[in-house]
Amino acid sequence: MLASLNQKQLSAVTHNNGSMLVLAGAGSGKTKVLTTRIVWLINEQNLKEHEVLAVTFSNKAAKEMLHRVSSKLSITARSMWIGTFHSISLRLLTKHHKEAGLPAYFQILDVQDQLSLLKRIIKAANLDEDHYSSRELQKFINHQKEHGLRANQITPNGMRQQTWLDLYLEYELICNRDGLVDFTELLLRSYEMLSVNKDVLDIYRNQFKHILVDEFQDTNHLQYQWLKLLGSSCGNMFAVGDDDQSIYSFRGARVANMQTFLHDFSVNDPIRMEQNYRSTPNILSAANAIIDKNNERIGKTLWTQKSDGDKISLYEGYTEEDEAYFVTDEIKSLLASGKSTSSIAILYRSNAQSRIFEQLFYSEGVPYKVYGGLRFFDRQEVKHILSYLRLILNKNDNEAFLRVVNVPARGLGSKAIENLQNIAKEKNTSLFEACNLSDGKAGINLAKFTNIIQKIDQKHLSLPDLISLVVEESGVAEMYRLDKKNGAERLENLNELVSAATNFKAEDEVNNNLATFLSHAVLESGEGQAQMYEQPVQLMTVHAAKGLEFDTVFIVGLEDGLFPHENCFDSQQNLEEERRLMYVAITRACKKLYLLRACSRLMWGKRISAPVSRFVNEIPNELILNISGISKIGCSSLVDSDIDLHHLTPTEVSNPETKISRVTLANCDEIIKIGDMVKHAKFGNGKVLRLNIDGKKITAEIFFIGIGKKNLDLNIAKIEKV
DNA sequence: AATTCTATCATTTTT
DNA sequence: TGATAGAATT
């Protein structure tokens, strides 16, 4: 087991006295070290499974670790304490909900739920959303919680903050009243529960002999305190991190925790793992060159024993379409050349960039899979049903009540709900109970609603059966059957929800299945995260790609303003984080790396021109091969010369009304499309900028090198692809 | 109260 | 550009 480790890895795995910080570069075998160490602790140091606590940030990482460990040890996965900060906190809170001051069936609020509750609070306080936006309030509250601060522990600084504190206080009251816990609250509540209840704290301090933390550079203040509380007494804290891959400071991650850790846990000599087993030297050199531009680094340099490999390919397209077509063609030829087993990923800065690739891959028959974007458990139809379930579990859950009381429409408009809220306030009851006190038409309709809930509640069904029943009895199914737009798709998703429930194995049989399922739905809402070595082309953001590797990687949208994103131009620190993001992107590639950018791109409905990303310029020239046809004439000069690249949409020839992006030539069976390099007998080589159909006349606007723009009739002009 | 229309926001990233 | 929330209309 230990034989396959290098010197650094071995000393990390078998580190045996006190705490340790491992600086693990990209591709240096971090996960291997963590999992091998857990196995080593149990096998060689005779620790019991439950005496090891391993914390990660993502569900994916937790699953991977659990999988690798349980394949080497004959243990039951559930006996191990491996999970995300949030899931471990949930586990603690579920077990000790009384000490934490929570009802047994407390529920988790996701970001959306939290925001809509805050909106309602702001409205109820008669404040103007323009001046006190719910998003800002959400940020404020989460930030305070991340610093361990409750509303009553903060001294307001100015009138505005006083207002926010009032709102924060109101939010706390409602959450406590209705048994709701947001993401940050999971951590803060478990931290407080342990701090206040020394006997509970002692249980876990005694139990966890070793604590391991993955992606340590991503810990925020609260998480660090949480770790310290649990781990300072055992003295065996093992943290693995890479300051160069810190890309979550926007949600409170503090790289400085790495320095603090050295001090707090008396680590004098952190272990550096700098040998990279993933990428070719060319790729590594590019990554090193880029990250070297950052000032705030602990500092390390990756190296490899591999031999050179391909240069990095740079393609500069005219438009995002051009970019996408290039990627499609390149992937097709990669697949055709027998590399069908190789893994391919498209990485981008923002989710919105995936659309054009999806469209193109779909029409071109390239198998693909998109990660991120709208998640399964975030879809409105799924959230409706989950709210019904929440209400069945806890009738006091006013938030869930408000979401579905009039879904489908039951004649309960804003007036009716307002009245109900007044009654509830007066009698100091939940909205659900207040339904009995409501009279008139609204009262009848409300009774119908509560009857549905109660009727379902009285049957004791298995989880999948319960969900099927809710879908039907609530009338949601009928509502979507009548919805011609996308009702069918939504019904399908609800079917999938039933399947998800069928597959769901309650983590803890003792606990209520439904409650566990609901927590699971909120906490692990990801639609199955990306995998390494999957067959179809994988599309995801750079953030989502952290921790993964692919043979071939296309980084697209490398324009200044997009990547690095313009929101990050305001400070050196933000720009350095973008640079780390680029570093993460590059180091995902094992064998072949493509960098792409578009001279102009459709964004928010407008066509924007942007210069090439500064990060591309930070890579030494000798590592890059520019393979764009337009490179000779220079892309930026093209944009400046005012070529109209507007209003291009990927429409097939079959639609003559609109401008088209590809066309089959009449005189041969070649297809040419926007972005193609073509050859003309008189004008030489040029690039197709746009295609038009006007009646039977098909024209192409082509930019010929050294000549300029020409409009050619494709029925007459002889053109061939190069 | 339900339907239709309009305005606005988003597209930086996530447990 | 496209989804969604809130306004305006029926």
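Chain letters run A, B, ... following the sequence lines, proteins first and then strands; every chain starts at 1.
- In this structure, A:Gln380 atom CD and C:dG2 atom C1' are separated by 15 Å, rounded to whole Å.
- Residues A:Leu581 and A:Arg135 each lie close to DNA chain B; by heavy-atom proximity, the contact nearer the 5' end of the strand is made by A:Arg135.
- Atom CD of A:Glu136 has more than 12 heavy atoms from other residues, nucleotides or ligands within 6.0 Å.
- Side-chain proximity of A:Ala416 to the nucleotides B:dT14, B:dA1, C:dG6 is greatest for B:dA1.
- Listed nucleotides C:dG2, B:dT13, B:dA2 differ in distance to A:Thr541; the shortest reach to its side chain belongs to B:dT13.
- For the pair A:Lys139 NZ and B:dT14 P, the interatomic distance rounds to 16 Å; values are reported in whole Å.
- For the residue pair A:Gln217 and A:Glu215, a side-chain donor N or O sits within less than 3.5 Å of a side-chain acceptor on the partner.
- Comparing A:Phe183 and A:Ala352 by the nucleotide of DNA chain B that holds the closest heavy atom to each, the one mapping nearer the 5' end is A:Ala352.
- Here the nucleotide nearest the side chain of A:Arg251, chosen from B:dT14, B:dT13, C:dT1, is B:dT14.
- A:Asp560 and A:Ala610 make their closest contact through O-CB, 3.6 Å (heavy atoms, listed as atom of the first residue, atom of the second, distance).
- At whole-Å resolution of the value, CD1 in A:Ile356 and P in C:dG2 are 12 Å apart.
- Here A:Tyr248 does not lie in a stacked arrangement on the base of B:dT14, lacking the combination of planes under 30° and ring centres under 5.5 Å apart.
- Note: CZ (A:Arg355) to P (B:dA10) measures 17 Å, nearest angstrom.
- Nucleic acid contact class of A:Val542 (heavy atoms, under 4.0 Å, all strands): none.
- If you measure from atom CD of A:Glu146 to atom P of B:dT14, you get 16 Å, rounded to the nearest angstrom.
- If you check B:dT15, B:dT13, C:dT1 against the side chain of A:Arg349, the one that comes closest is B:dT13.
- Nearest nucleotide to the side chain of A:Ala544, out of C:dT1, B:dT14, C:dG6: B:dT14.
- In this entry the distance linking CZ of A:Arg601 with P of B:dT11 reads 16 Å, nearest Å.
- For the pair A:Phe57 CZ and B:dT14 P, the computed distance is 14 Å after rounding to whole Å.
- When the C1' atom of B:dT13 is taken as reference, atom CG of A:Asn574 falls 12 Å away, rounded to whole Å.
- Looking only at side-chain heavy atoms (C-beta outward), A:His86 and A:Ile108 stay at 4.5 Å or farther from each other.
- Taking the side chain as every heavy atom from C-beta outward, A:Phe377 and A:Leu497 approach each other to under 4.5 Å.
- If you check B:dT14, B:dA2, C:dG2 against the side chain of A:Asn351, the one that comes closest is B:dT14.
- Comparing C:dT1, C:dG2, B:dA2 by their nearest atom to the side chain of A:Asn406 picks out B:dA2.
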